[in-house]
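First up is the structure itself, then whatever we jot down about it.
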Number of protein chains: 2
Amino acid sequence: MQEDGLGLRERKKRARRDALIDATHELVREQGLEQVTVEDICDRVGVSVRTFFNYFDSKIDAVFGVAPTTFDRQVAEVYATGGPTGDLATDTRTLVSALLEFPGPSKERVGVAIELMKVEPTLFSRHMELFDAIRQEMQSVIGRRLDRERAEAAARPELIAVAVFHIARCATTLWYEAGSAGHPRDYIDAAYRDLHTVLGPQPPPAS
Amino acid sequence: MQEDGLGLRERKKRARRDALIDATHELVREQGLEQVTVEDICDRVGVSVRTFFNYFDSKIDAVFGVAPTTFDRQVAEVYATGGPTGDLATDTRTLVSALLEFPGPSKERVGVAIELMKVEPTLFSRHMELFDAIRQEMQSVIGRRLDRERAEAAARPELIAVAVFHIARCATTLWYEAGSAGHPRDYIDAAYRDLHTVLGPQPPPAS
DNA sequence: GCGTAAACTTGCACATCGTGCAAGAAGATG
DNA sequence: CATCTTCTTGCACGATGTGCAAGTTTACGC
């Protein structure tokens with residue numbers, strides 16, 4: 001056993017995983033996303049393609065450097081039961097924070113992903129794909145709260161979950177563009193303001 | 001030459017394309033999206049897999065019944081040059097309308113897609129994928145307008161384009177859930193209201 | 001109606017991504 | 001050190017998607 005109680009195995013796994021992500025980033029930068037094959041990536045790191053898929057579910061997972069992720073169960077449970085404040089918008093904002101607080105890729109890795117997304121537009125929807133599992137969980141949580149509150153609109157859970165994702169994403173981008181100081185959650189207000197600017201005033205109630 | 005000036009060729013192409021879409025829908029309903037192969041679809045219609053890909057870029061395109069699409073060039077140009085009203089939020093709303101006005105799948109096909117998305121959650125991000133091309137065009141248009149107005153936020157074009165997409169999507173869902181009478185654009189206000197409910201009041205200006 | 005050209009289908013080969021399986025190799029443990 | 005556990009790897013294969021060219025089906029002009 002060594003530093004942090006990690007055995008040689010675990011240390012090697014982490015290093016290999018990092019190497020695969022780094023190689024993916026280099027190659028995508030050099031050649032473009034569609035031109036880079038999984039085999040290319042593995043050649044550069046010196047592992048087999050079969051091993052690559054032991055680490056990542058897909059090639060795109062390596063681009064984003066994803067680790068299994070979800071969001072805070074406790075936050076979710078509080079939200080589903082009408083908390084923490086009882087105000088939907090305010091409480092939804094805690095979902096945004098929760099998403100941003102959850103351990104994810106490092107600062108550097110986030111920066112790389114953001115830069116790659118600028119030159120590889122298709123990565124945008126791929127990012128949404130990564131969000132699919134969390135979105136479904138989140139929609140379930142949101143649905144429970146809305147059922148409890150007997151809200152009527154069926155589209156709502158999806159819209160809320162999507163808004164959470166995009167606000168979180170926007171906040172992260174703003175944070176990165178501002179130099180990566182502090183934390184993405186510091187930019188949630190700015191993301192909300194951006195969205196309000198786009199939306200304008202609320203339409204009058206339905207007749 | 002026959003009805004509508006369409007030759008036998010064109011009529012057969014349309015029928016074949018419709019048949020492929022219908023077969024895709026049936027099979028996905030019966031077996032689930034991931035279980036249905038392109039070969040299954042082609043077997044049901046009686047064409048080769050190679051032909052399938054003459055009609056659709058991907059299997060998912062057949063699920064959504066997509067046709068090449070974009071949005072109104074004239075609307076885009078007006079928006080990019082600061083119009084039609086000069087107010088960003090109001091003008092962005094014309095983008096939503098433009099997206100909903102553009103010829104797309106039939107009413108029935110939209111309904112099928114919405115229903116399939118309920119049982120196949122992964123279709124959500126696939127829908128985003130289909131939006132990728134339009135989104136890039138739209139972001140370009142939005143970027144031109146913002147440059148013209150010297151707006152600072154770099155994330156804005158993407159956020160606006162995404163908001164347009166989701167508002168349009170929400171309006172369509174609300175329209176469908178309300179029985180498909182009228183037109184999805186009749187539900188834009190409702191979609192905006194939903195989003196406002198989620199967002200709550202605008203945060204104070206940055207200090 | 002016929003000959004020719006254009007458009008389309010299809011078979012084939014192949015690339016790439018992703019998955020299951022099992023043998024062999026590398027750590028961990030007592 | 002022996003044994004067990006974990007992981008890598010090679011292999012085979014399925015599914016999606018792409019290029020190419022032969023064969024078939026329409027369209028067109030005479």
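Order of the sequence lines sets the chain letters (A, B, ...), proteins ahead of strands, with each chain counted from 1.
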Would you indicate, yes or no, if [N] has its OP1 or OP2 atom less than 4.0 angstrom from a side-chain nitrogen or oxygen of [X]?
X: B:K12; N: D:dT26; result: yes
X: A:K13; N: D:dC7; result: yes
X: A:R16; N: D:dC7; result: no

Rounded to whole angstrom units, what separation is found between the [atom1] atom of [X] and the [atom2] atom of [N]?
X: A:E10; N: D:dT5; atom1: CD; atom2: P; value: 19 Å
X: A:Q35; N: C:dA15; atom1: CD; atom2: P; value: 16 Å
X: A:D43; N: C:dC17; atom1: CG; atom2: P; value: 12 Å
X: A:L6; N: C:dA28; atom1: CG; atom2: P; value: 10 Å
X: B:R11; N: C:dA7; atom1: CZ; atom2: P; value: 18 Å
X: A:R17; N: D:dC7; atom1: CZ; atom2: P; value: 14 Å

**OP:** Describe, in one word, how the ring planes of B:F124 and B:H166 are oriented to each other, choosing from parallel (under 30°), tilted (30 to 60°) and perpendicular (over 60°).
**Re:**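 Ring orientation, 0 to 90° scale: parallel.
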Original post:
Hey, what's the ring geometry for A:H196 with B:H196, parallel, tilted or perpendicular (30° and 60° as the breaks)?
Top reply: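 Judged by the thresholds at 30° and 60°, the geometry between A:H196 and B:H196 is tilted.
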Original post:
Considering the terminal five base pairs at each end of the helix from C:dG1-D:dC30 to C:dG30-D:dC1, what angle separates the two local helix axes, rounded to 10°?
Top reply: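 Angle reported: 10°, given to the nearest ten degrees.
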Subject >> 5' precedence on DNA chain D between A:S48 and B:K59 (nearest-nucleotide basis) >> reply: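 So the residue in question is A:S48.
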Subject >> Pairwise 5' ranking along DNA chain D for A:V47 and A:R9, keeping only the more 5' one >> reply: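 Per heavy-atom nearest nucleotide, the more 5' residue is A:R9.
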**OP:** Indicate yes or no: does A:E77 engage A:R144 in a salt bridge with an N to O separation below 4.0 Å.
**Re:**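 Salt bridge flag = yes for A:R144 with A:E77.
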Student check: side-chain heavy atoms of [X] and [Y] closer than 4.5 Å:
X: B:Q202; Y: A:L195; answer: no
X: A:E115; Y: A:Y176; answer: yes
X: A:I60; Y: A:L33; answer: yes
X: B:I160; Y: A:D194; answer: no

Subject >> Face-on cation placement of B:R145 at B:Y79 ring, 6.0 Å and 45° thresholds >> reply: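 Ring-cation test returns yes.
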Original post:
If you draw the axis of the six-membered ring of B:Y192, does the NZ or CZ of B:R93 fall within 45° of it and under 6.0 Å from the ring centre?
Top reply: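 Yes; both conditions hold, so B:R93 lies above the ring face of B:Y192.
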**OP:** May I ask you to list the residues of residues 50-58 of chain B, by number, that have any heavy atom positioned under 4.0 Å from an atom of DNA chain C?
**Re:**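 When residues 50-58 of chain B is checked for heavy atoms under 4.0 Å from DNA chain C, the hits, listed by number, are B:R50, B:T51, B:N54, B:Y55.
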